[in-house]
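The structure presented is a predicted model; accordingly, all values stated were derived computationally and were not measured. Residue numbers begin at 1 in each chain, while the letters A, B, ... track the order of the sequences.
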Amino acid sequence: MEPGFYDRPTLEVAHDLVGCTLTHGPTAGVIVETEAYHMDEPACHAFVGLTERTAPLFGPPGRAYVYRSYGIHALFNAVTEAEGIGAAVLIRALLPIEGIEVMRQRRGRERLEDLCSGPGKLAQALAIDVDLTGSDLLRGPVVVGPRPPGWEAPEVVTGERIGITKAVELPWRFSVVGNRHVSRPWPRAQGR
DNA sequence: CATGGGATTGACT
DNA sequence: GTCAATCCCATGC
């Protein structure tokens with residue numbers, strides 16, 4: 001992506017990341033689901049302020065923030081907004097496009113829809129772990145790139161975020177309309 | 001220093 | 001639908 005892509009309001013970045021690619025080594029996928037998180041809102045880790053854990057969120061935009069969830073899974077975020085503002089976009093699901101056999105081995109699953117249809121799943125499929133936190137998403141090793149050639153801009157729906165207990169009402173989840181690779185189905189389609 | 005709660009997943013009833 | 005796994009870290013005593 002161009003420098004400056006992430007130095008924008010997090011909701012815009014979360015919307016625009018849908019349809020982009022996420023690549024790590026031989027594996028890659030098209031982002032089909034994202035969620036926005038911002039320090040002003042209590043579901044965001046940065047809500048507690050600057051700590052050792054949340055420091056990457058407050059760092060420069062365009063870096064990775066990868067943390068461990070439930071002691072088991074790694075969850076991948078792209079840090080957004082200017083340095084000093086704690087915000088990021090959680091990548092929740094991908095459509096696998098490269099390295100699918102590698103993903104199958106790493107995941108221990110065969111079906112395409114079981115490889116990257118959730119934030120913990122895609123991190124495992126792409127071998128993204130917490131040691132990659134702070135890495136540069138323009139230089140790699142984890143790279144976010146533009147839409148693949150020939151792919152049209154997807155129609156994006158918004159709705160409430162998943163799996164949180166605070167600020168549940170904010171419609172900060174974004175995904176491709178009618179895509180079966182999303183982490184969980186949509187109750188009903190909502191506005192754009 | 002002890003505690004409890006997760007931005008989840010997979011197995012099971 | 002329910003539930004356990006598993007560990008980091010923010011919080012409170």
Write down the distance between OH (Y37(A)) and P (dG6(B)), rounded to a whole number of angstrom.
12 Å
Whole-Å gap separating P (dA7(B)) and CD1 (I128(A)):
19 Å
Pick base, sugar-phosphate or nothing for I72(A), based on heavy-atom distances below 4.0 Å to the nucleic acid.
base
Give the rounded distance in Å between these two atoms: NE2 of H73(A) and P of dA7(B).
14 Å
Length of the CG-P vector between L115(A) and dT9(B), whole Å
13 Å
When you group the ILVMFWY residues by side-chain heavy-atom contacts below 4.5 Å and let the links chain together, are V66(A) and L122(A) in the same group?
yes
In whole angstroms, how far is the C1' atom of dG5(B) from the CD1 atom of I164(A)?
15 Å
Closer than 4.0 Å, any side-chain N/O of R184(A) to the OP1 or OP2 of dT8(B)?
no
Rounded to the Å, how far apart are F47(A) CZ and dG6(B) P?
14 Å
Does R161(A) qualify as a cation-pi partner of Y37(A), given the criterion of NZ or CZ under 6.0 Å from the six-membered ring centre and within 45 degrees of its axis?
yes
Is I100(A) reachable from L126(A) through a run of I, L, V, M, F, W or Y residues, each pair having side-chain heavy atoms under 4.5 Å apart?
yes
Can you confirm if the NZ or CZ of R8(A) lies within 45° of the ring axis of F5(A) and under 6.0 Å from the centre of its six-membered ring?
yes
Going through the checks in order, is the salt bridge (Lys or Arg N to Asp or Glu O under 4.0 Å) test met by R104(A) and D114(A)?
CA-CA 9 Å; R104(A) 287 193 169 116; D114(A) 291 335; over 6 Å; no
Look at the side-chain N and O atoms of R68(A) and state whether any lies under 4.0 Å from the OP1 or OP2 oxygen of dA5(C).
no
Distance in angstrom units between M39(A) CE and dA7(B) C1', rounded:
18 Å
Taking pairing as Watson-Crick or G-U wobble with both contacts under 3.5 Å, can you name the mate of dA7(B), or confirm there isn't one?
none
Which part of the nucleic acid, if any, lies within contact of R92(A), taking any heavy atom under 4.0 Å across all strands shown: a base, the sugar-phosphate backbone alone, or nothing?
sugar-phosphate
Ignoring the backbone of K121(A), work out which of dG10(B), dA7(B), dA10(C) is nearest its side chain.
dG10(B)
Shortest side-chain distance from R109(A), nucleotide among dA7(B), dG10(B), dT9(B):
dG10(B)
Please determine, for the side chain of Y65(A), which listed nucleotide (dG6(B), dA7(B), dG10(B)) has the closest atom?
dA7(B)
Distance check needed: dG5(B) C1' versus Y67(A) OH, whole Å only.
12 Å
Mark this stacking check for Y70(A) against dA5(C) as yes or no, applying ring centres under 5.5 Å and ring planes under 30°.
no
side-chain hydrogen bond (donor to acceptor under 3.5 Å, both in side chains) test vs R173(A) passes for just one of E35(A), E33(A), E160(A), namely E33(A)
When all nucleic acid strands are considered with a 4.0 Å heavy-atom cut-off, which category describes T51(A): base, sugar-phosphate, or nothing?
sugar-phosphate
What interatomic distance, in whole Å, is found between C1' of dG1(C) and the corresponding atom of dA7(B)?
23 Å
Need one value for R53(A): base, sugar-phosphate or nothing, where a base atom within 4.0 Å counts as base even if backbone is also close, heavy atoms only.
sugar-phosphate
Does R107(A) have a side-chain nitrogen or oxygen under 4.0 Å from the phosphate oxygens OP1 or OP2 of dT9(B)?
no
Check the phosphate of dG6(B) against T165(A), side-chain N and O only, distance under 4.0 Å to OP1 or OP2. Yes or no?
yes
